[in-house]
Amino acid sequence: MEEIVKVVNLTKNFYTKEGEMEVLKNISFTLHEGEILSLLGPSGSGKSTILNILTNLLEPTSGEVSIKGTIGYMFQKDHLLEWRSIMDNITLGLEIKKKKNDKKSMERIERLLKTYGLWEFRNMYPKELSGGMRQRVALIRTLSVDPSILLLDEPFSALDYQTRLMVNDDVYKVIKNENKSVILVTHDISEAIAMGDKVAVLSKRPSTIKNTYNIDLDLGSSKTPFKSRKVPAFQTYFDLLWKELDNNEF
């Protein structure tokens, strides 16, 4: 598989009234085509800072970042505009890029809405949808400009546990069907294992990558986050990552 994201010795310092604060220290990882990489770490460990550097919202203090492809960024909150219909929310990115009249783009959005059960809701408004459906809309909006790489910044954390499990499966299905490469930021060990092909474990600030684990649950192409949580190997990985993080990091 082709290497599409490569981060080498990434360091980021912030400057405050109190002085210099080192947030990231020599972070290195890779993402290959079609892969889901979970970045797992405690709150405040700089996970979102890494995503902001990948999207050029922040500049690194030092280090190298190489990206082959275009990036779509899905945030923790859905950020749907309540006064716009679902369709108008989804086509917002195309509007900004002045591509709303692009036939190919609109056909892709129509296909996504029909494939993932949102077509009949296209004229409704966000307040009329459940939390899980709102996240699905947010994902389709991110996919509307056809990025090759998705950055997911704790996109399930605002959902209740049952909805979260369902949306994990929904989002995983979309990612795999659309053949996207993904970096998922989370502080949830179970989610990191269930969603990821690889899990990179971050330390407390200043954050380093303590270890990266390949996740093999022996499910092959039948893997879903829900099925992943039910196999015996899941608990083995959970225990391993729990020890890696240390209880006092949460």
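The figures that follow rest on heavy atoms only: side chains count, while hydrogens, waters and symmetry mates do not. The residues of the chain are indexed from 1 along the displayed sequence. On a predicted model such as this, the values are computed, not experimentally measured, just so you know.
Applying the salt bridge (Lys or Arg N to Asp or Glu O under 4.0 Å) rule to Arg134 yields the partners Asp78, Glu82; only residues at least two apart in sequence or on another chain are considered. Partners of Lys173 by salt bridge (Lys or Arg N to Asp or Glu O under 4.0 Å), not counting sequence neighbours: none found. Qualifying ring pair (Phe, Tyr, Trp, His ring centres under 6.0 Å) partners for Tyr73, counting only residues two or more places apart in sequence or in other chains: Phe75. The salt bridge (Lys or Arg N to Asp or Glu O under 4.0 Å) search around Glu110 returns Lys114, not counting sequence neighbours. By the salt bridge (Lys or Arg N to Asp or Glu O under 4.0 Å) test, Glu120 pairs with no residue at all, sequence neighbours left out.
Looking at heavy atoms from C-beta onward, Asp170 lies out of side-chain contact with Tyr116 at the 4.5 angstrom threshold. Between Val137 and Phe121 the shortest side-chain heavy-atom distance does not fall below 4.5 Å. By the 4.5 Å heavy-atom criterion applied to side chains, Pro155 and Val171 are not counted as neighbours. Between Lys180 and Asp146, some side-chain heavy-atom pair lies under the 4.5 Å cut-off. Taking 4.5 Å as the limit, some side-chain heavy atom of Arg164 sits within range of a side-chain heavy atom of Asp188. Looking only at side-chain heavy atoms (C-beta outward), Thr61 and Glu22 stay at 4.5 Å or farther from each other. Inter-residue side-chain proximity for Leu113 and Met87 is flagged as met; some heavy-atom pair is nearer than 4.5 Å. In this structure the side chain of Leu58 reaches within 4.5 angstrom of the side chain of Phe14, judged on heavy atoms.
Both Leu245 and Ile215 sit in one connected hydrophobic cluster of ILVMFWY residues. Membership requires side-chain heavy atoms under 4.5 Å apart, directly or through other members. A continuous path of Ile, Leu, Val, Met, Phe, Trp and Tyr side chains, each step under 4.5 Å between heavy atoms, connects Leu92 with Trp83, placing both in one hydrophobic cluster. Under the 4.5 Å side-chain heavy-atom criterion for Ile, Leu, Val, Met, Phe, Trp and Tyr, Tyr125 and Ile90 are members of distinct hydrophobic clusters. When hydrophobic clusters are built by joining Ile, Leu, Val, Met, Phe, Trp and Tyr residues whose side-chain heavy atoms come closer than 4.5 Å, directly or via intermediates, Val23 is not grouped with Val8. Both Leu37 and Val65 belong to a common hydrophobic cluster when Ile, Leu, Val, Met, Phe, Trp and Tyr are linked at side-chain heavy-atom distances under 4.5 angstrom.
Note that CD1 of Ile193 is 6.5 Å distant from CZ of Phe238, once rounded to the nearest 0.5 Å. Rounding to the nearest 0.5 angstrom, the gap separating the CD atom in Glu244 from the OH atom in Tyr213 is 3.5 Å. Note: Ser181 OG to Ile36 CD1 = 9.0 Å, rounded to the nearest 0.5 Å. Expressed to the nearest 0.5 Å, how far CZ of Arg122 lies from CD1 of Ile109 amounts to 13.0 Å. In this structure, CG on Asn177 lies 11.0 Å from CG on Leu143, to the nearest 0.5 angstrom. Taken from CE in Met133 to OG1 in Thr163, the straight-line distance is 12.0 Å, to the nearest 0.5 Å.
Across all their heavy atoms, Leu150 and Pro147 have their closest contact at CD2-CG, 3.9 Å. Contact between Asn179 and Gly34 at its shortest, heavy atoms only, is OD1-CA, 4.2 Å. Contact record, Ser148 with Gly69: OG-CA, 3.3 Å, taken as the closest heavy-atom pair. Nearest heavy-atom pair across Ser38 and Ala192 is OG-O, 3.0 Å. When all heavy atoms are compared, the tightest approach of Leu24 to Thr49 is CD1-CG2, 3.9 Å. A pairwise comparison of heavy atoms in Leu81 and Pro126 identifies O-CG, 3.6 Å as the closest pair.
Side chain of Lys6 to backbone of Ser28: no donor-acceptor contact under 3.5 angstrom is found. Within the 3.5 Å criterion, the main-chain N or O of Arg205 finds no donor-acceptor partner in the side chain of Lys25. Between the side chain of Ser207 and the main chain of Lys204, no donor-acceptor pair closer than 3.5 Å is present. When atom types are taken as modelled, the side chain of Asn52 and the backbone of Leu57 share no donor-acceptor pair closer than 3.5 angstrom. When atom types are taken as modelled, the side chain of Thr186 and the backbone of Leu40 share no donor-acceptor pair closer than 3.5 angstrom. Panel note: side chain Thr115, backbone Leu112; no donor-acceptor pair is recorded below 3.5 Å. Panel note: side chain Ser203, backbone Thr208; a donor-acceptor pair is recorded below 3.5 Å. The main-chain N or O of Glu35 is never found under 3.5 Å from a side-chain atom of Asp197 such that the two would form a donor-acceptor pair.
Evaluation of the side chain to side chain donor-acceptor pair (under 3.5 Å) test over residues 228-240, restricted to residues two or more places apart or in two chains, returns Asn168-Arg229, Gln235-Asp239.
More than 12 heavy atoms of other residues, nucleotides or ligands shown are found within 6.0 angstrom of CE on Met124. Heavy-atom contacts from other residues, nucleotides or ligands closer than 6.0 Å to CD of Gln162 number 12 or fewer.
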Assess whether side-chain contact (heavy atoms from CB on, under 4.5 Å) is satisfied between Ile140 and Leu118, documenting all intermediate values. CA-CA 9 Å; Ile140 300 303; Leu118 289 169; 3.9 Å; yes
Check the pair Thr30, Lys198 against side-chain contact (heavy atoms from CB on, under 4.5 Å), reporting the backbone distance first and the verdict last. CA-CA 10 Å; Thr30 58; Lys198 292 191 306 192; 3.6 Å; yes
What's the verdict on side-chain contact (heavy atoms from CB on, under 4.5 Å) for Glu33 and Lys68, showing C-alpha distance, side-chain angles and the deciding distance? CA-CA 10 Å; Glu33 189 176 8; Lys68 296 178 182 176; over 6 Å; no
Stepwise side-chain contact (heavy atoms from CB on, under 4.5 Å) check, Leu54 with Ile149: CA-CA 11 Å; Leu54 292 178; Ile149 304 161; over 6 Å; no
Can you check salt bridge (Lys or Arg N to Asp or Glu O under 4.0 Å) on Arg108 and Glu178, steps first, answer last? CA-CA 11 Å; Arg108 181 175 62 252; Glu178 302 301 319; over 6 Å; no
